[in-house]
*Asks:* 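I'd like to ask you about the structure that follows.
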Amino acid sequence: MISSLSLRVKGFLVIALLLVFELLFVGCHAALLVAAERESVRQQNAKEIVATAGTLLQDFYDAGDNLAKYSVKKEQDALGVYQAKCSALLRNSHWIKEQLKSGSKQYQLFEKIENNLTANLKMFARMRQLSETDSELAVAQFGLKLKTKMRLELLTLSGDLVEFLNAEKQIESASPVAIKLQRERTSWLLGGGMVLNVVVAFLLVRWFLRSITSRLEIVQDNAERLRQRKSLRVPIAGEDEIASIDEAFHEMSHSLQGQEKLLRASTDQIQNIIEQMPIGLVVVAESAQVERARVESAKIEYANPALERMLDYKTGELKGTSLGSSFMTAGIRPEPLTDTAMIDGTIELLAQKKNGSKLPVEFSVSDVSYDSVSLLGTVIDISEKHEIEKMKEAFVAMVSHDLRTPLTSVSGFLHMLPLGIYGQFSSAVVAETTVAEKQVEELITLINDLLDLEKLKAGQLEMRSANANLEDLLDSAIESCSELAEESGVSVLFEGCQTPMMVLADGDRLKQALSKVFVSAIRLSTRSPIDVSVVAENIDRGHKVARIALHISGVQIAEQQIESLFEPFQAGSLNLGLALPLAKALLLSFAGQCGASHEDQGLVLWLQLPFA
């Protein structure tokens, strides 16, 4: 039953039991203190009542004596004393009556005394009234009657006061005994409460040890067994949190067993994938004493079948060999790779086959260290890539020498044909010749752009950077394509730069790039004007750039075409050739940028160049 309770409920029960015992203990103690305080107050009240009641008889006598003096001798001082004593009698009797418990014996006795005093005071008032209105003889006669009656009243009052005072003194004398008894009770209560708290605490500790601690030890033992992959003890009975934790450990044990099976299956699957991968993989172990150790100490821990086939090794032959014996730096004089620190990203190396022949590969390294320093290398055979590069170089050489030269000759022949050097021709033939000449010139321009683009990629295009005036370069570029703009019916509007702008670039090459952009803009335009604007913009860290924007209104191009305008052979049906890709490559060499975007009613080609 107890084991089915939650720890929160058990804790609440423990605290509630302790709180109940403490409340009982505090309540009893408080009751004794209240009783002692009440008895102390009663004793103090009895003392004050005795003291106050003792003055009543004297005040009564003084009031009568001073009234007699005033009645006989008319002394005003005696009248004042008489009035003061009367007021004191009334005030003190009223206070004593308030201090007494209504219905008690003392209350009834004092009520009799108060009535006696009230009646005598009324006779005093009657005598005073007679002394002020009647003759001295009448006053003397009333005084003799009053004296006889007052003697009897005084005896009665004295007896009642003595009886009242004796009763109060009994209360006063009994209070110390009651207080002593209360102290003894308090001492017994404190001792008993302490013993009871000790007993209760002992019982609660024993209960916790039996119902909680022992069960927690089982949970702890199960946790250790789970860590050591051992079978767990029998589940704990109950429905509290401890039983829930133990149940979770059992579920975790079953889950881990299932996960281990899945992990083994996943490991086997990954191993199978690695062995079937078409690229080479190699795991290299380095010395843990020197960070990024030299390759002489780096040993191959694993090589997948693809790498072994690539280098003509049998299964397992590469394991344990030095990495430097299989990979060398590329160049005129290949040397064994001496330091893995030089492998940053992907580099090109020469892999040595088992028969000693060399194979160009791309090699990249990733740190997969866990318990030891290990590197994972990926090896890709790039022999076909080299063959393609050689074919590309041969094609560029062919275009440069075997195609451009004949085209130049054809262009010269077509240019001279309308001049009549080869005879007279009809106007139709001359017109067709002019069209053919322009097409040949466009083809030559395309070939030149292709050659310049390849030279840029190879880093062979000669450039000389210097400070150049951007406005002058823009004017010159616009002028160079003015003939094309006029033929196309397109006007290029440029009002100049607001402030002088100097950029650091090769002036001729930058002019070439700007001209390519303007030519492309003219070809994209549908006889709409091209508005050119140049503004200075601030970028990160206060650097300034010049932003050139060509606003071409009325042009609608698909989003995919806009994204590929500056990419080679990606413009589709726009027939822009390599003008924009070449312009982009030239701008990038000057640390510039370019792009295209839609605007409200057209297209924007923009270029960005840093200030000198």
Side-chain angles (χ1 to χ4, degrees), residues 226-230 256-390:
L226 181 64
R227 187 181 67 83
Q228 297 176 359
R229 298 292 193 274
K230 295 181 179 179
L256 285 176
Q257 292 175 0
Q259 291 294 332
E260 287 178 353
K261 293 180 181 178
L262 291 176
L263 182 61
R264 285 194 295 269
S266 177
T267 302
D268 294 341
Q269 184 179 8
I270 292 174
Q271 181 69 27
N272 186 42
I273 291 173
I274 291 174
E275 291 179 355
Q276 298 299 324
M277 288 185 70
I279 63 173
L281 295 177
V282 58
V283 178
V284 180
E286 290 191 338
S287 173
Q289 298 179 355
V290 181
E291 185 179 1
R292 308 295 288 174
R294 292 189 174 278
V295 176
E296 284 81 354
S297 63
K299 301 294 182 180
I300 296 177
E301 285 188 338
Y302 171 79
N304 70 335
L307 180 61
E308 292 172 338
R309 290 192 299 270
M310 190 186 301
L311 302 182
D312 296 334
Y313 281 91
K314 295 181 180 180
T315 302
E317 282 187 339
L318 280 174
K319 184 176 181 180
T321 62
S322 172
L323 185 66
S325 62
S326 299
F327 296 94
M328 292 168 286
T329 59
I332 299 176
R333 297 180 180 179
E335 296 180 358
L337 192 65
T338 57
D339 193 354
T340 55
M342 66 179 294
I343 303 177
D344 185 12
T346 301
I347 66 171
E348 188 172 320
L349 298 177
L350 290 177
Q352 181 169 302
K353 294 185 177 181
K354 187 177 182 179
N355 58 10
S357 61
K358 304 296 188 298
L359 180 71
V361 295
E362 284 186 350
F363 196 96
S364 61
V365 173
S366 300
D367 190 353
V368 292
S369 302
Y370 183 63
D371 291 334
S372 60
V373 180
S374 300
L375 300 174
L376 173 65
T378 57
V379 185
I380 300 176
D381 184 358
I382 56 173
S383 300
E384 294 183 1
K385 180 180 177 181
H386 278 212
E387 293 297 327
I388 293 173
E389 290 292 334
K390 291 180 180 178

*Asks:* Please report the interatomic distance CG(Leu318) to OG(Ser326), rounded to the nearest 0.5 Å.
*Replies:*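 It comes to 5.5 Å.
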*Asks:* Roughly how far apart are Leu281 CG and Leu307 CG, rounded to 0.5 Å?
*Replies:*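 Separation between the atoms: 8.0 Å.
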*Asks:* In Å, rounded to the nearest 0.5 Å, how long is the span from OG of Ser364 to CG of Leu376?
*Replies:*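 Answer for the OG-CG pair, Ser364 versus Leu376, is 8.0 Å.
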*Asks:* Enter the distance from Lys299:NZ to Ser322:OG here, rounded to the nearest 0.5 Å.
*Replies:*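 Going from NZ on Lys299 over to OG on Ser322, the span is 5.0 Å.
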*Asks:* Could you go through the side-chain contact (heavy atoms from CB on, under 4.5 Å) check for Glu348 and Ile382 one step at a time?
*Replies:* CA-CA 9 Å; Glu348 188 172 320; Ile382 56 173; 3.6 Å; yes
*Asks:* Between Asp381 (side chain only) and Ile279 (backbone N and O only), is there a donor and an acceptor less than 3.5 Å apart?
*Replies:*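 Absent.
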*Asks:* CG of Leu350 to CZ of Phe363: how many Å apart, nearest 0.5 Å?
*Replies:*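 Going from CG on Leu350 over to CZ on Phe363, the span is 13.0 Å.
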*Asks:* Filter on side chain to side chain donor-acceptor pair (under 3.5 Å), then keep only pairs touching residues 307-319, sequence neighbours left out; what's left?
*Replies:*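 Residue pairs with at least one partner in residues 307-319: Glu317-Lys354.
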*Asks:* Closest approach of Leu311 and Ala351, non-hydrogen atoms and distance?
*Replies:*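 Nearest heavy atoms, Leu311 then Ala351: CD2-CB, 3.7 Å.
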*Asks:* Considering all heavy atoms of both residues, which atom of Met310 and which atom of Val361 are nearest to each other, and what is their separation?
*Replies:*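 What the structure gives for the nearest pair is SD-CG1, 4.2 Å.
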*Asks:* If I take atom CG from residue Leu349 and atom CD1 from residue Ile380, how far apart are they, to the nearest 0.5 angstrom?
*Replies:*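 CD1 of Ile380 is found 12.0 Å from CG of Leu349.
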*Asks:* Taking the side chain as every heavy atom from C-beta outward, state whether Val379 and Phe327 have any atom pair closer than 4.5 Å.
*Replies:*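 Yes, their side chains come closer than 4.5 Å.
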